[in-house]
Amino acid sequence: MPPVDAHAGPASSPDHPGARVHTGAPVHRGSAGRRADSAGTRGTPFTGFAIEDDDADCEDTLDLHLPADFLALFAGGTAYLLDQLPTWGSVVTPVGSFQLLPVRIDEDLPLIHRWMNDPAVAEFWELAGPRNRMEDHLRGQLGGDGRSVPCLGVLDGTPMSYWEIYRADLDPLARHYPARPHDTGIHLLVGGAADRGRGLGSALLRAVADLILDRRPACPRVVAEPDLGNTPSVAAFLSAGFRFADEVDLPGKRAALMIRDRVLRDVL
């Protein structure tokens with residue numbers, strides 16, 4: 001499948017190296033280098049607490065500061081924002097045993113940096129360039145409050161994909177769709193060219209969405225927003241158990257809001 005730009009024509013497919021899965025709203029910089037604007041369709045975000053935003057025009061994930069009194073509720077540490085993702089363990093999928101392992105910068109940065117500098121990937125993720133650019137992107141999440149965790153996807157013992165699992169309801173993304181408490185988002189990059197275009201994207205999307213629902217009992221759904229014009233991408237989400245929920249205007253594209261519901265997971 002030839003690489004295509006999400007901003008001009010069909011967007012990336014989950015089997016394409018540049019594919020990203022978001023649970024709910026617009027592309028945002030804390031997730032993948034692109035900045036969202038505030039002109040999209042606004043839903044009803046989770047308003048159980050106030051999010052401190054020093055810059056009304058800034059929608060970078062990690063520039064939204066959660067109040068200290070909210071974070072203080074998590075006696076076990078901020079890892080509880082994603083239910084201790086490092087302890088989730090492995091799952092058996094149709095393509096092999098799969099596990100999400102939080103990124104270790106000293107060991108994993110060279111591999112992720114190489115993936116991001118693949119021209120087919122750089123077009124979508126916009127994180128190509130010197131190694132310190134990718135390092136800053138990773139450290140911004142690893143040093144944050146725990147709402148976004150960068151991971152390597154390890155299939156049968158081999159790192160083959162890069163993932164970002166994040167709290168969509170605590171993200172600027174929630175401004176663009178009717179977010180629910182504990183909605184969880186995903187971004188996916190299939191790293192090696194040999195792993196692309198052979199169905200791994202759909203299989204792993206389903207596996208990770210189900211893993212989130214299993215390990216995060218409060219999470220009602222996993223969401224994504226591929227470009228509406230990218231028929232292969234939308235089809236891959238449908239194959240992974242997502243349903244088409246709506247069309248939404250996001251920065252640079254009109255997107256298909258795809259949702260994998262907990263209550264429908266055994267049906268779709």
Side-chain angles (χ1 to χ4, degrees), residues 1-23 26-36 59-63 85 98-144 147-155 157-166 171-173 185-198 200-201 204-205 208 224-227 230 232-233 236 250-253:
M1 180 180 301
V4 286
D5 190 347
H7 291 277
S12 57
S13 161
D15 283 334
H16 184 276
R20 287 175 295 188
V21 182
H22 310 288
T23 56
V27 179
H28 51 83
R29 202 163 163 173
S31 328
R34 286 178 176 159
R35 181 183 295 273
E59 292 200 311
D60 288 7
T61 300
L62 299 174
D63 284 349
L85 185 154
F98 184 78
Q99 185 171 10
L100 291 172
L101 295 177
V103 167
R104 300 162 296 180
I105 289 183
D106 291 344
E107 299 181 28
D108 302 329
L109 179 60
L111 176 62
I112 300 172
H113 175 252
R114 185 170 77 247
W115 287 344
M116 290 295 178
N117 277 275
D118 180 331
V121 172
E123 179 182 1
F124 297 92
W125 279 76
E126 299 180 358
L127 285 170
R131 185 174 295 187
N132 66 333
R133 185 180 186 192
M134 189 67 225
E135 181 176 357
D136 290 346
H137 180 77
L138 294 172
R139 290 194 185 280
Q141 295 174 81
L142 294 171
R147 87 188 78 168
S148 181
V149 179
C151 299
L152 279 184
V154 180
L155 184 64
T158 300
M160 48 71 65
S161 53
Y162 171 73
W163 301 73
E164 292 172 348
I165 311 298
Y166 67 97
D171 190 87
L173 166 59
I186 305 174
H187 305 137
L188 164 63
L189 157 67
V190 176
D195 289 325
R196 304 169 195 162
R198 58 189 186 95
L200 289 180
L204 295 181
L205 284 173
V208 171
E225 27 60 63
D227 193 296
N230 189 345
S233 181
L250 302 182
K253 68 177 182 181

* Show your reasoning for whether side-chain contact (heavy atoms from CB on, under 4.5 Å) applies to Asn117 and Met134. => CA-CA 10 Å; Asn117 277 275; Met134 189 67 225; over 6 Å; no
* Steps toward side-chain contact (heavy atoms from CB on, under 4.5 Å) verdict (Met160, Leu204) -> CA-CA 11 Å; Met160 48 71 65; Leu204 295 181; 3.8 Å; yes
* To do: Go through Arg198 and Asp195 one step at a time and tell me if the salt bridge (charged side-chain N to carboxylate O under 4.0 Å, His left out) criterion holds.
  => CA-CA 7 Å; Arg198 58 189 186 95; Asp195 289 325; 2.9 Å; yes
* Asked: Given Asp108 and Tyr162, is the side-chain contact (heavy atoms from CB on, under 4.5 Å) satisfied, shown in steps?
  -> CA-CA 10 Å; Asp108 302 329; Tyr162 171 73; over 6 Å; no
* Go through the steps to decide whether Phe98 and Val208 satisfy the test side-chain contact (heavy atoms from CB on, under 4.5 Å), and finish with yes or no. => CA-CA 9 Å; Phe98 184 78; Val208 171; 3.6 Å; yes
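In terms of heavy-atom proximity, Arg133 sits nearest to Ala128 at NH1-O, 2.8 Å. Taking every heavy atom of both residues into account, Leu100 and Gly153 meet most closely at CD2-CA, 4.4 Å. The minimum heavy-atom distance between Ile105 and Arg139, with the atom names listed, is CD1-CG, 3.2 Å.
Separation of atoms CZ (Arg196) and CG (Asp118) is listed at 4.5 Å; rounding is to 0.5 Å. Summarising the geometry, atom CG belonging to Leu142 is positioned 12.0 Å from atom CZ belonging to Arg104; distances are rounded to the nearest 0.5 Å.
At a cut-off of 3.5 Å, with distance as the only test, a side-chain donor of Ser148 or Gln141 sits close to an acceptor on the other residue.
The shortest distance between side-chain heavy atoms of Cys151 and Gln99 does not fall below 4.5 Å. Using a 4.5 Å heavy-atom cutoff, the side chains of Ile112 and Leu152 are in contact.
The backbone N or O of Leu109 lies less than 3.5 Å from no partner atom in the side chain of Arg114, so there is not a single donor-acceptor pair. Side-chain atoms of His113 come within 3.5 Å of backbone N or O of Gly129 as a donor-acceptor pair.
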